[in-house]
Amino acid sequence: MSQIKIKVATYNVGDYTGRDIKHGSEESRKAFREVFAKVDADLWGLQEDVKCFNNETGEMAFDAVYSSSLPNYERYYSGNYNGKAFLTKFELSDVHPIKYTGDLKYRHPWFLTGKITVEGKEITLICLHFDWSDKNVRAEEITQLLEFAKQQEYCIIMGDFNPEDYAFDGKKLSNQLFYKEEFGRFQEAGFSIANGGEFGYFDTIIDFHSSPCPFDNIMVTPNMKIVAADRVAEPWMNDHALVWAEIVID
């Protein structure tokens with residue numbers, strides 16, 4: 001029986017700018033299209049800062065960038081900023097946000113979920129963008145997201161984990177990062193991780209003050225195995241690098 005293998009990537013695309021690359025420009029269109037083609041993933045989890053590839057013309061990112069790589073794209077915004085999306089060659093279904101509960105001040109108040117079916121196996125997708133401004137809020141986001149993820153038979157988690165030492169609505173406490181502790185919560189729940197697992201740590205914030213700085217990650221349930229993983233960081237990038245993983249599904 002042949003293995004089921006798919007390539008997955010997560011990318012905080014920001015506002016479609018780069019070093020000397022302006023929002024909505026032809027240089028931006030070319031750069032982003034090239035990096036999506038280079039990675040050649042079957043599935044992307046995307047964290048988008050803005051709705052439009054070009055705010056002046058209203059051109060959407062799918063038309064400008066994503067459609068040159070893959071056909072199926074669904075996203076969600078609760079306002080004009082901080083959207084999340086799935087882009088894939090597989091048919092998407094049941095794409096919707098799940099809001100975090102409680103009276104904490106969530107700057108990213110929901111995660112996106114959806115489903116794909118790969119050779120008869122239904123896989124639940126999660127795209128997340130955890131809060132950077134308060135590690136206590138982030139801890140609760142992790143708790144609630146894990147409660148949902150652990151109920152899924154097959155699950156792929158993709159996103160920006162923002163493991164910084166801020167609290168009290170943006171007060172910086174130190175330069176320490178909490179990726180070991182926060183990724184560890186997923187590992188304790190049985191998830192394998194691409195960034196910080198057997199392939200080592202990948203720096204995913206451009207020009208961060210220290211290394212390693214593994215902000216972005218892909219995680220899978222025990223019935224899937226990460227057989228390869230790496231980052232892609234192009235010279236023009238000005239915020240996040242992206243992470244990809246090859247996954248074998250049992």
Side-chain angles (χ1 to χ4, degrees), residues 6-18 31-32 35-36 38-50 61 65-66 75 82-88 107-108 110-113 125-133 135 138 141-142 145-146 149 155-166 175-187 191-220 224 226 228-247:
I6 63 172
K7 190 174 185 180
V8 178
T10 185
Y11 189 14
N12 183 332
V13 296
D15 59 356
Y16 309 103
T17 61
F32 277 88
V35 80
F36 274 78
K38 177 179 181 177
V39 177
D40 192 26
D42 302 307
L43 167 69
W44 293 81
L46 302 169
Q47 301 84 53
E48 303 174 346
D49 284 350
V50 292
V65 178
Y66 307 145
R75 69 177 185 174
N82 296 328
K84 302 168 192 70
F86 299 117
L87 175 72
T88 181
R107 288 179 182 246
H108 293 275
W110 48 272
F111 63 89
L112 191 66
T113 187
L125 311 178
I126 293 173
C127 183
L128 65 86
H129 193 166
F130 284 150
D131 275 43
W132 62 269
S133 60
K135 62 184 179 182
R138 191 169 65 244
E141 290 175 327
I142 293 171
L145 187 143
L146 266 174
C155 187
I156 301 173
I157 300 171
M158 303 164 280
D160 178 359
F161 286 72
N162 274 329
E164 295 186 85
D165 192 16
Y166 285 80
N175 289 331
Q176 184 179 1
L177 296 178
F178 292 94
Y179 53 86
K180 289 184 179 179
E181 296 87 345
E182 293 176 2
F183 293 171
R185 292 184 62 185
F186 289 86
Q187 291 173 299
F191 286 80
S192 298
I193 65 176
N195 195 353
E198 63 179 287
F199 302 100
Y201 287 107
F202 311 127
D203 296 335
T204 63
I205 298 293
I206 307 299
D207 297 332
F208 197 68
H209 55 75
S210 64
S211 180
C213 55
F215 278 53
D216 303 85
N217 216 332
I218 298 165
M219 303 180 175
V220 299
M224 293 185 272
I226 298 171
D230 205 346
R231 74 164 193 168
V232 173
E234 299 293 341
W236 56 264
M237 291 179 175
N238 65 350
D239 189 9
H240 283 257
L242 65 90
V243 173
W244 62 263
E246 288 188 352
I247 298 169

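Quick caveat: nothing in here was measured; it's all calculated off a predicted structure.
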Side-chain heavy atoms of [X] within contact of [Y], under 4.5 Å:
X: Ile142; Y: Phe130; value: yes
X: Phe199; Y: Ile226; value: yes
X: Ile156; Y: Ile6; value: yes
X: Phe111; Y: Glu141; value: no
X: Leu146; Y: Phe191; value: yes
X: Phe186; Y: Asn217; value: no
X: Ile157; Y: Ile218; value: no

Approximate separation, where rounding is to 0.5 Å, of [X] [atom1] and [Y] [atom2]:
X: Asp40; Y: Trp244; atom1: CG; atom2: CH2; result: 11.5 Å
X: Cys155; Y: Met224; atom1: SG; atom2: CE; result: 6.5 Å
X: Glu198; Y: Ile193; atom1: CD; atom2: CD1; result: 10.5 Å
X: His129; Y: Leu46; atom1: NE2; atom2: CG; result: 12.5 Å
X: Asn195; Y: Phe215; atom1: CG; atom2: CZ; result: 11.0 Å
X: Asp15; Y: Glu48; atom1: CG; atom2: CD; result: 11.5 Å

So which atom in [X] and which in [Y] form the shortest heavy-atom distance, rounded to 0.1 Å?
X: Leu145; Y: Ile126; answer: CD1-CG2, 3.7 Å
X: Cys213; Y: Leu177; answer: CA-CD1, 3.9 Å
X: Asn12; Y: His240; answer: ND2-NE2, 3.3 Å

Trace of the ring pair (Phe, Tyr, Trp, His ring centres under 6.0 Å) decision for Phe183 with Phe161: CA-CA 9 Å; Phe183 293 171; Phe161 286 72; 5.4 Å; yes

Mutual orientation of the aromatic rings belonging to Phe36 and Tyr66 [parallel < 30°, tilted 30-60°, perpendicular > 60°]: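 Tilted.
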
Under 3.5 Å side-chain donor-acceptor pair for Thr10 and Asp216: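 Distance-only check fails for Thr10 and Asp216.
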
Check: Ser133 main-chain N/O paired with Asp131 side-chain donor or acceptor under 3.5 Å: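 Judged by distance alone, no pair lies under 3.5 Å.
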
Side chain to side chain contact (heavy atoms under 4.5 Å, CB included) partner of Leu242, chosen from Asp230, Val13, Val35: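 Exactly one option meets the side chain to side chain contact (heavy atoms under 4.5 Å, CB included) with Leu242, and it is Val35.
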
Residues Leu43, Lys7; criterion side-chain contact (heavy atoms from CB on, under 4.5 Å); working and verdict: CA-CA 7 Å; Leu43 167 69; Lys7 190 174 185 180; over 6 Å; no

Partners meeting salt bridge (Lys or Arg N to Asp or Glu O under 4.0 Å) with Arg185 (sequence neighbours left out):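 In terms of salt bridge (Lys or Arg N to Asp or Glu O under 4.0 Å), with neighbours along the sequence ignored, Arg185 is linked to no residue.
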
Contact list for residues 231-242, test salt bridge (charged side-chain N to carboxylate O under 4.0 Å, His left out), sequence neighbours left out: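 For residues 231-242, and leaving out neighbouring residues, the salt bridge (charged side-chain N to carboxylate O under 4.0 Å, His left out) pairs sorted by first residue read Lys38-Glu234.
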
